[in-house]
Q: 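Let me give you the structure first, and then I'll get to my questions.
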Amino acid sequence: MRQYHRVLTIAGSDSGGGAGIQADIKTISALGCYAASAITAITVQNTLGVEGVHAVPVPIVEGQIEAVLGDIGADAVKIGMLQSAEIVGCIARKIREHGIRNVVLDPVMVSTSGHRLIEEEAIDALCRELIPLARVLTPNIPEAEILLGGQQLANQQSLPEAARQLAKRFGVSVLLKAGHLTEERLVDYFYDAELDEMSELPSVRIHTRNTHGTGCTMSSAFASLLAQGKSLKEAAAGAKDYINKAIIAGADYEIGHGHGPVDHFYMNR
């Protein structure tokens, strides 16, 4: 009997389809895995930005997670937007109950348009309860700065040590993304806390406004590759390759009036 590689995404919904649960499901499917979902929040959102956020009640979030893990199971879990401390605590409890090891946590805090997506108390709960349960943390630079207590990461040279600091603080491997820097050549850094190894993941900046949902997409790709049995290093490199090619493939499309999505299904075109 054949078995799917199962990935559960726990995140917010993007009505515009470019980020959040929608981007996660597209990514997981494009990489050949079975996507299940638990929606934590409903956003009023398009390519121009986020206009509103409605949190899904905690018992409904918990019920979605239990419905999936209690029946289908998961080879990996990707976690994205978590608005409140109560949601964080609920998810941490379910991860512990089901003993999920391959947890990729994308600490979504602020949207590309600058809309705050998480309560202050939720950040404390995230650091205390959930990040230590993850296997991989995938922050961008602003998120890493918040998690490091306001430390400024102003250049490429500061990223390797920042990745190490985050790993040591939370006991997790860290993929620190460089996209917020201004350099033409960007290097993401992956610190494998299990092997104490640092990997460089270089790319050249692609000049396009279609970068909505890149963080969601990359973390979902990482989780998908872990679900397939890849090592941390292989999954990090594969996720970087996937998002880079998806950005390139979607660079010239015109959709909406703001930041469009990447081309999640570029491999099938």
Side-chain angles (χ1 to χ4, degrees), residues 9-12 19-20 24 40-41 50 53 77-92 95-96 102-181 186-194 196-201 213-220 222-223 232 235-236 239-240 243:
T9 168
I10 305 172
D24 296 342
T40 60
V50 180
V53 178
V77 172
K78 176 268 169 92
I79 301 174
M81 179 184 173
L82 308 175
Q83 192 182 14
S84 69
E86 291 76 19
I87 292 286
V88 171
C90 151
I91 293 168
I95 294 295
R96 286 193 299 267
N102 284 329
V103 177
V104 178
L105 176 55
D106 184 23
V108 180
M109 296 178 183
V110 181
S111 71
T112 303
S113 58
H115 191 100
R116 188 65 176 253
L117 298 173
I118 187 170
E119 298 170 358
E120 197 63 42
E121 295 81 3
I123 296 176
D124 294 335
L126 197 71
C127 294
R128 186 177 63 255
E129 298 183 47
L130 195 51
I131 295 178
L133 296 178
R135 192 177 185 194
V136 180
L137 184 68
T138 64
N140 59 31
I141 288 175
E143 292 159 351
E145 290 175 338
I146 292 171
L147 293 173
L148 289 170
Q151 177 180 327
Q152 295 298 299
L153 305 177
N155 53 52
Q156 194 81 69
Q157 291 70 32
S158 64
L159 300 191
E161 182 55 30
R164 283 194 187 89
Q165 287 182 36
L166 287 169
K168 301 302 182 186
R169 178 171 297 188
F170 296 111
V172 63
S173 295
V174 176
L175 174 53
L176 181 50
K177 299 169 289 188
H180 281 75
L181 297 177
L186 299 170
V187 181
D188 297 344
Y189 286 91
F190 176 63
Y191 178 71
D192 185 334
E194 298 172 21
D196 188 24
E197 289 182 359
M198 184 73 73
S199 299
E200 294 186 0
L201 303 171
T214 51
C216 306
T217 298
M218 190 172 190
S219 55
S220 294
F222 205 134
L232 284 172
K240 173 70 175 186
I243 186 59

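Worth knowing before you read on, the calculation uses all heavy atoms, side chains too, and leaves out hydrogens, waters and symmetry mates.
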Q: Decide yes or no for N140 and E143: does some side-chain heavy atom of the first lie under 4.5 Å from some side-chain heavy atom of the second?
A: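 Of all side-chain heavy-atom pairs linking E143 with N140, at least one is under 4.5 Å.
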Q: Can you tell me how far CD1 of I141 sits from CG of N155, rounded to the nearest 0.5 angstrom?
A: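 These two atoms lie 9.0 Å from each other.
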Q: Keeping T217 on the side-chain end and I243 on the backbone end, is there a donor-acceptor pair under 3.5 Å?
A: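 No; zero donor-acceptor contacts below 3.5 Å.
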Q: Supply the atom-to-atom distance H180 NE2 to E145 CD, rounded to the nearest 0.5 angstrom.
A: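 Here the interatomic distance stands at 9.0 Å.
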Q: Any chance the side chains of S219 and K78 put a donor and an acceptor closer than 3.5 Å?
A: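 Yes, side-chain donor-acceptor contact under 3.5 Å.
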Q: Test of understanding: with side-chain contact (heavy atoms from CB on, under 4.5 Å), list the residues that count as partners of E200, not counting sequence neighbours.
A: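 If we apply the side-chain contact (heavy atoms from CB on, under 4.5 Å) test to E200, skipping adjacent residues, the hits are V187, Y189.
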Q: Apply side-chain contact (heavy atoms from CB on, under 4.5 Å) to L232 and E194, showing your working.
A: CA-CA 9 Å; L232 284 172; E194 298 172 21; 3.4 Å; yes
Q: Might you point out which heavy atoms bring P107 and L147 nearest each other, and give the distance in Å?
A: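 P107 and L147 have their closest heavy atoms at CG-CD1, 4.2 Å.
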Q: Side chain of K240, backbone of D188: donor and acceptor closer than 3.5 Å?
A: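 No, because the side chain of K240 does not come within donor-acceptor range (under 3.5 Å) of the backbone of D188.
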Q: So, do L105 and L133 sit near enough that their side-chain heavy atoms are less than 4.5 Å apart?
A: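 No, too far: nothing below the 4.5 Å cut-off.
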Q: Would you call V136 and V103 a side-chain contact if the rule is heavy atoms closer than 4.5 Å?
A: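 They are not in side-chain contact.
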Q: Measure the CD1-CD1 distance between I123 and I131 for me, rounded to the nearest 0.5 Å.
A: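 Between atom CD1 of I123 and atom CD1 of I131 there are 9.5 Å.
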Q: Looking only at non-hydrogen atoms, find the nearest pair between L159 and A178 and report the distance.
A: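 The answer is CD1-CB, 3.7 Å.
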Q: Q152 side chain to G150 main-chain N or O, any donor-acceptor pair under 3.5 Å?
A: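 Here the side-chain-to-backbone pair exists.
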Q: Can you find a pair of side-chain heavy atoms, one from L166 and one from V172, that are under 4.5 Å apart?
A: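 No, their side chains stay 4.5 Å or more apart.
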Q: Could you pull out the closest heavy-atom pair between A19 and G213, with the gap in Å?
A: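 Where A19 meets G213 most closely, the heavy atoms are CB-CA, 3.6 Å.
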Q: For a quick test of reading the model, state the closest non-hydrogen atom pair linking D24 to S220 and the distance between them.
A: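 Scanning both residues, the minimum pair turns out to be OD1-OG, 2.6 Å.
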Q: At their closest point, which heavy atom of M198 faces which heavy atom of P160, and how far apart are they?
A: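 Nearest pair, atom of M198 first, then P160: CE-O, 3.3 Å.
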Q: To the nearest 0.5 Å, how far apart are CD in E120 and OG in S84?
A: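 Here the rounded value is 13.5 Å.
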Q: Which heavy atom of L175 sits nearest a heavy atom of P139, and at what distance?
A: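 That would be O-CD, 3.3 Å.
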Q: Between Q156 and L181, is the side-chain contact (heavy atoms from CB on, under 4.5 Å) condition met? List the steps.
A: CA-CA 7 Å; Q156 194 81 69; L181 297 177; 4.0 Å; yes
Q: Working to the nearest 0.5 Å, report the span between NZ of K177 and CG of L186.
A: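 Spacing of NZ (K177) from CG (L186) equals 13.0 Å.
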Q: Does a side-chain heavy-atom distance below 4.5 Å link R128 with D124?
A: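 Yes - at least one pair of side-chain heavy atoms lies under 4.5 Å apart.
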Q: Begin with the C-alpha distance, continue with both residues' side-chain angles, and end with the deciding distance and a verdict on side-chain contact (heavy atoms from CB on, under 4.5 Å) for L176 and T138.
A: CA-CA 6 Å; L176 181 50; T138 64; over 6 Å; no
Q: Less than 4.5 Å apart, any side-chain heavy atom of V77 and any of I79?
A: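 V77 vs I79: side chains touch.
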Q: If the threshold is 4.0 Å, N to carboxylate O, is there a salt bridge linking D192 and R135?
A: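 Result for this pair is no, no salt bridge flagged.
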Q: Going by side chain to side chain donor-acceptor pair (under 3.5 Å), name the pairs with one or both residues in residues 164-174, residues two or more places apart or in two chains.
A: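 Output for this query lists K168-Y191.
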Q: Check whether any side-chain heavy atom of M81 sits under 4.5 Å from a side-chain heavy atom of D106, and report yes or no.
A: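 They are not in side-chain contact.
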Q: So do E121 and V88 actually touch side chain to side chain, heavy atoms under 4.5 Å?
A: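 SC-SC contact between V88 and E121 ruled out.
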